[in-house]
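Accompanying notes for the structure given below.
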Number of protein chains: 4
Amino acid sequence: MSIKVTIWNECRHEKEDEEVRRVYPESIGGAIVAGLEPFGFELTLKTLDDDEQGLPASLLDATDVLVWWGHRYHEELDDTRIDLIHRRVIEGMGLVVLHSGHHAKIFRRLMGTSCNFAWREADDGECERLWTIQPAHPIAAGIPPCVELPKSEMYGEPFDIPVPDELVFVSWYEGGDVMRSGCVFNRGRGKVFYFAPGHETFPIYRDATIRRILANAVEYVNQPHATGWSLDHWARPIPLQKGAPRQTLFKKPRGAA
Amino acid sequence: MSIKVTIWNECRHEKEDEEVRRVYPESIGGAIVAGLEPFGFELTLKTLDDDEQGLPASLLDATDVLVWWGHRYHEELDDTRIDLIHRRVIEGMGLVVLHSGHHAKIFRRLMGTSCNFAWREADDGECERLWTIQPAHPIAAGIPPCVELPKSEMYGEPFDIPVPDELVFVSWYEGGDVMRSGCVFNRGRGKVFYFAPGHETFPIYRDATIRRILANAVEYVNQPHATGWSLDHWARPIPLQKGAPRQTLFKKPRGAA
Amino acid sequence: MSIKVTIWNECRHEKEDEEVRRVYPESIGGAIVAGLEPFGFELTLKTLDDDEQGLPASLLDATDVLVWWGHRYHEELDDTRIDLIHRRVIEGMGLVVLHSGHHAKIFRRLMGTSCNFAWREADDGECERLWTIQPAHPIAAGIPPCVELPKSEMYGEPFDIPVPDELVFVSWYEGGDVMRSGCVFNRGRGKVFYFAPGHETFPIYRDATIRRILANAVEYVNQPHATGWSLDHWARPIPLQKGAPRQTLFKKPRGAA
Amino acid sequence: MSIKVTIWNECRHEKEDEEVRRVYPESIGGAIVAGLEPFGFELTLKTLDDDEQGLPASLLDATDVLVWWGHRYHEELDDTRIDLIHRRVIEGMGLVVLHSGHHAKIFRRLMGTSCNFAWREADDGECERLWTIQPAHPIAAGIPPCVELPKSEMYGEPFDIPVPDELVFVSWYEGGDVMRSGCVFNRGRGKVFYFAPGHETFPIYRDATIRRILANAVEYVNQPHATGWSLDHWARPIPLQKGAPRQTLFKKPRGAA
């Protein structure tokens with residue numbers, strides 16, 4: 001059964017900024033969808049200006065993997081919608097956060113840090129080289145040791161994230177900077193992949209190797225057994241071990257402990 | 001210079017519940033303070049019912065390490081106060097979260113997960129054995145391989161936390177359960193230690209070994225060079241590498257990227 | 001294409017010890033093979049007393065995943081054979097090390113530590129409960145929160161291993177002990193899974209849940225893209241970055257640096 | 001009490017190669033000693049050509065932290081001496097491995113991988129920038145976000161090491177490469193720090209910031225409570241839990257399990 005992927009994109013730059021429209025006439029989200037199409041996923045494209053900010057509960061419930069590209073309008077997202085997305089990740093929905101999504105509410109909530117970093121948008125971009133640190137990682141399948149992006153925006157260290165559970169890529173920039181640019185984080189039953197490349201004025205999402213990385217990432221963060229038991233607050237008043245002390249439930253009207 | 005430690009405690013159980021008052025007449029926070037006193041810290045005890053919920057900004061700014069014991073009233077904490085505490089941890093303030101603090105707003109925010117787990121409060125407690133998994137860890141200094149707590153509340157797996165950066169203790173319970181009960185997490189410049197033992201009706205904070213663990217933890221999460229550079233959103237328009245492309249600042253009124 | 005799995009087993013206990021023969025008349029290796037059969041792997045069973053200690057280079061080269069059960073005769077393995085196995089793991093061969101294999105030469109070499117732990121073989125065994133710490137991990141697919149093994153040998157903490165890259169299971173023992181009993185380690189391009197249960201006088205490898213864990217582990221440590229580039233000592237005298245300094249090769253007859 | 005540091009250095013380049021002698025007339029080891037002197041350690045300098053290859057058992061037993069610089073003669077080290085050093089690290093001795101020590105027997109043994117990486121020795125060196133990834137880490141105390149080394153040898157990814165327990169520095173090179181250049185690994189009770197900079201023909205060990213990093217590393221890998229209990233193979237025939245099954249010792253002449 002194919003993986004159900006929802007690509008969410010602010011899709012405002014494309015309307016506001018001619019330069020972005022020239023690079024991505026089909027919108028950034030559209031370019032991501034086009035890149036994922038050959039891989040057999042079931043793809044849905046949604047934007048901030050769609051109904052319910054593009055992410056109604058019914059769609060989230062039917063989504064295996066959510067791909068996120070946002071930038072200038074992070075704060076517009078309703079907190080209750082972030083609650084929903086957050087709950088879905090904890091339940092096992094995969095999440096791929098791209099580029100400027102580092103400051104998206106959902107990413108910051110999942111990380112628990114500021115997610116700040118250094119940045120420089122050189123006027124005509126600068127060269128980025130993405131080094132594969134874990135060549136046997138599923139997200140690196142088919143990817144060479146080094147991927148060169150001739151024009152990129154610099155996103156660099158120090159990057160205020162928790163230590164990633166898996167560090168797949170580290171980037172080099174022409175201007176002298178480095179970045180942990182491909183990071184996996186486990187949160188609840190869900191997997192999150194942050195991937196730094198992808199500025200709105202450079203056609204990075206048309207690059208075949210980048211598209212392969214995105215497809216690998218979608219497959220990797222998809223949890224094939226997400227329908228299993230969940231990580232609930234779980235009262236176990238009767239111990240598994242015979243003869244061990246037990247709890248008289250409802251003795252006192254208590255909370256968790 | 002001695003470490004400035006603020007012990008924060010809800011301090012409501014002690015007023016509401018005779019059983020807790022009998023075990024901790026000096027309050028849970030008072031018992032923690034008494035346990036830390038021989039170690040030479042500068043100790044301040046605060047409670048939920050103090051001014052500004054016990055945690056004014058001026059106190060937080062002067063705190064090196066905050067020790068947290070809360071249980072039933074997590075939701076009363078103002079979100080703006082949690083913002084302050086959160087910012088201080090990212091800046092480098094140490095945080096020790098005890099027992100039922102797993103559901104405290106500040107802990108959940110730093111973790112990005114539900115922090116749910118399994119639990120059982122056997123009527124007269126049950127035996128917990130705390131095993132030292134990393135004997136050379138500073139928090140385990142002077143601690144034997146196994147610490148026995150004859151009466152404890154069971155807090156067990158699955159525990160919905162991110163993978164700890166350091167797993168120092170794993171607990172065994174009489175009823176058949178296990179728990180990652182001593183965990184270190186790095187967040188920003190700050191260190192967070194979660195420690196599971198410490199139910200309000202068992203005198204665990206009077207145990208000499210537990211007190212040593214708490215003192216070790218305070219020393220460990222204290223960051224001696226917290227006054228260094230911070231993890232800010234950092235524009236670097238001029239590259240370090242000579243001749244590399246630079247950014248014309250203010251060309252367009254942009255956000256982070 | 002099905003995964004090629006070689007099950008290696010000392011297969012001496014079965015000849016020397018009537019008790020073991022009674023529990024595993026088909027040998028321990030034979031029971032593991034029987035358990036993996038329904039999962040569609042291509043299975044080969046080898047023992048210490050076969051030609052070339054059961055592991056000729058040609059077989060290792062054709063093996064995707066090696067499953068290891070050894071106990072009393074670890075030291076008989078030739079170091080040159082261990083070199084071969086080690087090289088294959090670095091190249092991407094999966095390795096599943098079972099129970100007393102913790103002291104096998106190949107496991108100690110991959111870990112770099114003593115791999116010591118505590119142990120107790122209660123006369124008629126004791127209850128072990130295996131808790132699933134990472135429910136969404138592929139090795140935990142279809143596995144309940146807790147697996148009860150009524151009769152087991154205790155293998156307990158402190159366990160002198162490097163911090164596992166992934167901790168999937170933690171065990172509880174009737175006698176008061178705990179163990180990180182299901183651990184994943186990445187080494188080179190290879191994945192290693194250590195799994196503690198499986199004493200020779202208890203029929204643990206007949207348990208359907210344990211068999212599912214073993215099958216999951218085989219699938220997980222198998223690296224589908226192991227034929228990619230390898231982690232060699234790699235001279236790059238000509239820099240990728242145009243105009244950057246280069247190395248005049250063979251200027252002086254040098255080693256790596 | 002001051003930390004007892006043994007600086008071990010091959011000290012052959014300095015005799016064989018005029019270029020090295022010109023940069024380090026006092027030898028590489030001598031420069032490291034000079035750099036550590038202001039920090040109050042008790043320093044001993046030893047070389048490969050000293051008695052017992054510079055590392056008699058009595059000296060190792062009295063060493064808190066061993067600093068290692070080797071390059072061309074790794075294979076000359078006796079395996080029994082490596083056994084001794086290895087045992088000492090497991091017991092808690094700190095180890096700082098510098099530059100070309102990545103291929104030293106002791107480092108490869110502790111890692112369990114090939115420790116291969118990419119390299120380029122540009123004729124007159126190339127610029128390396130060391131980025132501080134974990135600014136609050138004790139090894140980064142007093143270190144700025146970026147340390148520039150105008151002339152360095154490139155040591156780059158992919159680096160075949162296990163995932164570091166702590167990644168403190170990542171390097172950028174002029175030629176387009178990156179490197180996890182400052183890595184902490186825990187092995188047994190010991191801490192190991194690998195630090196990439198330090199080629200024999202560039203005066204990197206005279207750089208004040210590099211010296212501070214080395215001093216911080218010595219303090220960090222020193223284990224103040226290394227005299228505690230050790231990680232032995234530990235028989236526990238009598239369970240801690242009363243009434244649980246016990247083992248009749250010596251029933252049969254058995255090994256560990």
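Keep in mind that what you see is a predicted model, and the values were worked out from it rather than measured. When reading the values below, keep in mind they use all heavy atoms of this one structure, side chains included, and skip hydrogens, waters and symmetry mates. Protein chains get the first letters and strands the later ones, always in sequence-line order, with residue 1 at the start of each.
Atom CZ of C:R12 is surrounded by more than 12 heavy atoms from other residues, nucleotides or ligands within 6.0 Å. In C:E16, the CD atom is crowded: over 12 heavy atoms of neighbouring residues, nucleotides or ligands sit closer than 6.0 Å.
Taking CD of C:E157 as the reference point, atom CG of D:L231 lies at 9.5 Å (rounded to 0.5 Å).
Contact annotation for D:R187: both backbone and side-chain heavy atoms come within less than 4.5 Å of a heavy atom of chain C. Looking at C:R236, the atoms closer than 4.5 Å to chain D (heavy atoms on both sides) sit in the backbone and in the side chain alike. When heavy atoms are compared at a cutoff of 4.5 Å, C:I161 does not approach chain D at all. Using a 4.5 Å cut-off between heavy atoms, C:R109 contacts chain D through its backbone alone, with no side-chain atom that close. For C:L110, the parts lying near chain D are the backbone and the side chain together; criterion is any non-hydrogen pair under 4.5 Å.
Checking side-chain atoms of D:H86 against main-chain N and O of C:S114 turns up no donor-acceptor pair under 3.5 Å. Distance alone, capped at 3.5 Å, is enough to place a donor-acceptor pair between the D:Q247 side chain and the C:E121 backbone.
Side-chain contact check for D:P158 versus C:W234: some heavy-atom pair is nearer than 4.5 Å.
Applying the side-chain contact (heavy atoms from CB on, under 4.5 Å) criterion to D:D78, with sequence neighbours excluded, gives D:Q53, D:T80, D:R81. Checked against salt bridge (charged side-chain N to carboxylate O under 4.0 Å, His left out), C:E126 has the following partners two or more places apart in sequence or in another chain: C:R120.
Heavy-atom pairs under 4.5 Å with chain D peak, among C:R108, C:R87, C:M111, C:E174, at C:E174. Top candidate by heavy-atom pairs under 4.5 Å with chain C, chosen from D:A244, D:G125, D:P245, D:C115, is D:P245. Top candidate by heavy-atom pairs under 4.5 Å with chain D, chosen from C:I90, C:D177, C:D232, is C:D232. Comparing D:D124, D:I238, D:T113 by how many heavy-atom pairs each has under 4.5 Å with chain C, the most go to D:T113. With respect to chain D, the highest number of heavy-atom pairs below 4.5 Å among C:G188, C:G156, C:A118, C:G190 belongs to C:A118. Ranked by heavy-atom pairs under 4.5 Å with chain D, the first of C:V89, C:L240, C:N186 is C:L240.
What you find for C:D165 and D:V163 is that their closest heavy atoms are OD1-CB, 3.6 Å.
Classification of the D:H233-C:H103 ring pair by plane angle, with boundaries at 30° and 60°, yields tilted.
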